[in-house]
Peer 1: 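Here it is, the structure in full.
Just so it is clear, the structure is predicted and the values come from calculations on it, not from any experiment.
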Amino acid sequence: MTPIEKAKQQVEQAKARYQALLARQNAEERKLDTRRKVILGGLLIDAAGKDERFGRVIDELMKRITRDHDHKAFESWQKPAPDRS
């Protein structure tokens, strides 16, 4: 293998390692973003069970759902009613 061929191979390997690192970083960022959304959603649902203002927020957010696939996720779900005790 000539020095140029060896250098070219090293460059290609470095590019592949770089792409793998980018893919891993992007996957971690997506995972963290999803975790944040789940946590915030849980907090909002919990808050709606304690304060009707948050229930109204959920109502408004539900109106923004446009995809049928997303609507189906909420077909049998009921927003918690505020505890009035």
Peer 1: Give a yes or no on this: more than 12 heavy atoms of other residues, nucleotides or ligands lie within 6.0 Å of atom CG of Leu40.
Peer 2: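 Counting neighbours around CG of Leu40, more than 12 heavy atoms of other residues, nucleotides or ligands fall under 6.0 Å, so yes.
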Peer 1: For a quick test of reading the model, state the closest non-hydrogen atom pair linking Ile65 to His71 and the distance between them.
Peer 2: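 Looking at all heavy atoms of both residues, the shortest contact is O-NE2, 2.9 Å.
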Peer 1: How far does CG of Leu21 sit from CG of Asn26, to the nearest 0.5 angstrom?
Peer 2: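 Taking CG in Leu21 and CG in Asn26, the distance rounds to 11.0 Å.
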Peer 1: Indicate, with yes or no, if Trp77 and Val57 share a hydrophobic cluster defined by side-chain heavy-atom contacts under 4.5 Å among Ile, Leu, Val, Met, Phe, Trp and Tyr.
Peer 2: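 In one cluster: yes.
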Peer 1: Is any side-chain heavy atom of Gln9 closer than 4.5 Å to one of Met1?
Peer 2: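 With C-beta onward as the side chain, the pair touches.
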Peer 1: Do the side-chain N and O atoms of Glu29 and Gln25 include a donor-acceptor pair separated by under 3.5 angstrom?
Peer 2: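 On atom types as modelled, these side chains qualify, holding a pair under 3.5 Å.
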Peer 1: Indicate yes or no: does Arg24 engage Glu28 in a salt bridge with an N to O separation below 4.0 Å.
Peer 2: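 Judged by the 4.0 Å cut-off on N to carboxylate O distance, Arg24 and Glu28 do not form a salt bridge.
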Peer 1: Rounded to the nearest 0.5 Å, what separation is found between the CD1 atom of Ile58 and the CD atom of Glu52?
Peer 2: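 Here the rounded value is 12.5 Å.
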Peer 1: One thing to verify: whether Lys72 and Glu75 come together as a salt bridge, which I'm taking to mean a side-chain N less than 4.0 angstrom from a carboxylate O.
Peer 2: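 Here Glu75 does not pair with Lys72 in a salt bridge, since their nearest N and O are not under 4.0 Å apart.
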Peer 1: Is there a chain of hydrophobic side chains (I, L, V, M, F, W, Y, each step under 4.5 Å between heavy atoms) that links Leu61 to Leu43?
Peer 2: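 Not linked; separate clusters.
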Peer 1: Hey, does Lys31 have a side-chain heavy atom less than 4.5 Å from the side chain of Arg35?
Peer 2: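 A side-chain contact is absent here, since even the closest heavy-atom pair is not under 4.5 Å.
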Peer 1: NZ of Lys37 to CG of Leu32: how many Å apart, nearest 0.5 Å?
Peer 2: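 Answer for the NZ-CG pair, Lys37 versus Leu32, is 11.0 Å.
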Peer 1: Does atom CG of Asp68 have more than 12 heavy-atom neighbours from other groups under 6.0 Å away?
Peer 2: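 Check fails, neighbour count at 12 or below.
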